[in-house]
2 protein chains.
Amino acid sequence: MLDGNAVRSVDRAASLLIALGESQGEAGVTELARRLGLHKSTASRLLATLQKRGLVEQDDDSGKYRLGLAVVRLGGHAERTLDLRSIALSELESLARNVKETTTLEILEGDTVLTIAYSDASGMGRDRSGRSSPLHATAPGKVLLANQPERDVIRLSKVGFTPYTSHTIVRVDLLLEELARVRKRGFATAFGEFEQSVNAIAVPVYDQRTSVVAALEVRASGNRILPSRVPELVERARDAAAVITERIGGVVAPV
Amino acid sequence: MLDGNAVRSVDRAASLLIALGESQGEAGVTELARRLGLHKSTASRLLATLQKRGLVEQDDDSGKYRLGLAVVRLGGHAERTLDLRSIALSELESLARNVKETTTLEILEGDTVLTIAYSDASGMGRDRSGRSSPLHATAPGKVLLANQPERDVIRLSKVGFTPYTSHTIVRVDLLLEELARVRKRGFATAFGEFEQSVNAIAVPVYDQRTSVVAALEVRASGNRILPSRVPELVERARDAAAVITERIGGVVAPV
DNA sequence: TACGTCGTTCCGCTGGATGGGACTAAGGGC
DNA sequence: GCCCTTAGTCCCATCCAGCGGAACGACGTA
């Protein structure tokens with residue numbers, strides 16, 4: 001975990017930040033300390049230090065901690081800094097306008113899929129960048145998983161696949177079949193497998209060396225995406241993905 | 001800067017993160033070290049530690065560092081965690097729909113004004129949460145500044161007020177007069193003072209104890225907001241601000 | 001009142017963080 | 001080609017800063 005040349009206290013503080021992000025809302029010192037195997041006085045000191053920089057905030061009443069405004073600001077800066085995101089965004093927007101649906105760019109992040117860019121044709125939607133979704137129940141998740149070694153799928157299956165809806169694929173053998181289909185056809189679908197009334201398709205985004213670095217998704221609620229419309233959406237999505245590939249020129253944020 | 005009980009290395013690492021956010025794009029180890037008064041070997045070690053957690057990334061070619069994906073994800077989490085933002089968002093959206101313009105919620109953050117929520121009536125705009133703007137040249141900035149002690153304005157004037165356009169108020173005496181007007185009328189305007197063709201109005205958002213915790217802004221490009229329209233926008237914005245005040249119930253993210 | 005739990009503070013010890021400097025690689029100028 | 005500067009990283013002896021144990025005050029509960 002902590003190899004050779006790393007600063008222990010900083011590594012611990014970073015863990016605290018990330019743990020605080022994973023626990024939705026607030027978390028107490030004792031709870032965090034236990035979760036990370038730290039002494040609670042250590043956790044308290046580290047959190048107090050982070051608080052001075054605004055990275056975390058403490059609730060006046062409960063004494064619990066939550067992520068701070070500095071993190072929001074940093075996140076805004078980071079979004080603008082990261083290569084793939086900014087490059088991809090204009091393509092996502094034009095695709096969203098063309099098909100009149102929501103489009104996102106997703107990458108593999110640990111055992112989840114992370115939304116790094118988002119465009120919304122209908123208008124008022126919130127930018128959903130920064131959200132994580134499951135690999136086995138989403139179209140981009142399947143695209144990314146289909147390009148990982150099969151042992152990773154097996155490993156994930158040990159933990160188990162959460163059945164978000166009645167359509168979620170939870171049996172590992174069926175998921176492996178589905179991933180083979182994805183590889184063969186070059187795109188993935190997910191019809192109400194994560195959220196009941198959301199259908200989506202996704203295609204891979206390659207870098208110059210033809211390895212998959214992201215997945216481009218077209219998503220819509222309810223019955224706006226029917227099987228009959230899939231070929232058209234896939235084709236348009238592939239065009240957009242090709243443009244992104246061309247523009248990133250091999251320079252992709254390493255994951 | 002670093003009082004008594006704080007962990008030095010963590011404090012330094014936090015400074016590095018924030019400095020990396022402020023420098024747009026990438027920054028080198030030596031540059032960051034000089035800016036913060038650190039030895040470059042120290043900066044290198046701290047950055048390497050942050051990299052292990054994905055908080056920063058290193059460019060393969062240049063060796064320079066930039067903010068990492070973990071920060072994006074944390075930012076997403078933080079946005080959802082922070083109280084004011086989520087509570088205010090639905091109000092912002094409905095106001096944006098009503099007046100058919102962009103609406104934002106802004107708070108004071110150091111010597112700048114920080115956008116913590118954003119809604120865009122026209123549709124395809126990017127969520128601009130997380131951005132910082134100047135206090136003296138924006139409508140929400142004036143609202144927030146008008147509720148700060150006058151000595152803060154004086155202090156800011158020592159650094160000088162950047163003239164973004166020919167309409168920007170740069171003389172401290174004129175700014176103080178403007179702030180008095182803002183206090184008296186209960187709202188602020190900014191007509192092309194920050195960006196040439198952007199006009200905006202802003203009203204204060206109070207907490208239960210009648211102190212100003214944020215500013216609600218209505219903004220539009222070009223000539224969509226003329227003086228004749230200001231009274232109507234201010235009235236609608238005040239209604240929205242009142243609803244937000246009611247809903248936050250005194251629980252506001254401390255700044 | 002007595003108890004459990006929370007987050008914080010104090011303090012002595014020690015091992016981890018520090019910074020000087022060596023090292024290597026990549027430009028830029030001549 | 002060469003040298004010189006600049007970059008980021010690595011190594012190591014020194015020493016002080018971070019560590020964890022324990023005590024503390026505040027709070028809610030039985």
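Here is how names work: the chains are called A, B, and so on, in the same order as the sequence lines, proteins then strands, and each is numbered from 1.
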Please report, rounded to the nearest Å, how far the [atom2] atom of [N] is from the [atom1] atom of [X].
X: B/Asp11; N: C/dA17; atom1: CG; atom2: C1'; answer: 15 Å
X: A/Lys40; N: D/dG21; atom1: NZ; atom2: P; answer: 12 Å
X: A/Leu16; N: D/dC19; atom1: CG; atom2: C1'; answer: 15 Å
X: B/Lys64; N: D/dT6; atom1: NZ; atom2: P; answer: 14 Å
X: A/Leu38; N: D/dG21; atom1: CG; atom2: P; answer: 12 Å
X: B/Arg12; N: D/dC16; atom1: CZ; atom2: P; answer: 13 Å

Would you please confirm or rule out a distance under 4.0 Å between OP1 or OP2 of [N] and any side-chain N or O of [X]?
X: A/Arg8; N: C/dG15; value: no
X: A/Thr42; N: D/dG20; value: yes
X: A/Tyr65; N: C/dT8; value: yes
X: B/Arg45; N: C/dT18; value: yes
X: A/Ser44; N: C/dT8; value: yes

Is a side-chain N or O of [X] found less than 3.5 angstrom from the main chain of [Y], in a donor-acceptor match?
X: B/Glu217; Y: B/Ala202; result: no
X: B/Ser44; Y: B/Ser41; result: no
X: B/Thr168; Y: B/Ala137; result: no
X: A/Thr138; Y: A/Pro134; result: yes
X: A/Ser119; Y: A/Thr103; result: no

Which residues in residues 30-37 of chain B have a heavy atom closer than 4.0 Å to any atom of DNA chain D?
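Residues of residues 30-37 of chain B that come under 4.0 Å of DNA chain D are, in numerical order, B/Thr30.
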Both A/Val10 and A/Gln51 contact DNA chain C. Taking the nearest nucleotide for each, which residue is further toward the 5' end?
A/Gln51
Enter the distance from A/Asp111:CG to A/Asp152:CG here, rounded to the nearest 0.5 Å.
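Answer rounded to 0.5 Å: 8.0 Å.
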Looking at D/dA22, D/dG18, D/dT9, which one has an atom nearest to any side-chain atom of A/His39?
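When the side chain of A/His39 is considered, D/dA22 is the closest of D/dA22, D/dG18, D/dT9.
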Have a look at the helix from C/dT1-D/dA30 to C/dC30-D/dG1 and give the angle its two end axes make, five pairs each, rounded to 10 degrees.
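Between the first-five-pair axis and the last-five-pair axis there is 40°.
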Contact class for B/Ser41 vs. all strands (heavy atom < 4.0 Å): base, sugar-phosphate, or nothing?
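Answer is base: heavy atoms of B/Ser41 come under 4.0 Å of a base.
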Parallel, tilted or perpendicular: which describes the rings of B/His136 and B/Phe161, with under 30° parallel and over 60° perpendicular?
tilted
Please determine, by modelled atom types, if B/Thr165 and B/Gln196 share a side-chain donor-acceptor pair under 3.5 angstrom.
no
Between A/Ser9 and B/Ser9, a side-chain donor and acceptor under 3.5 Å:
yes
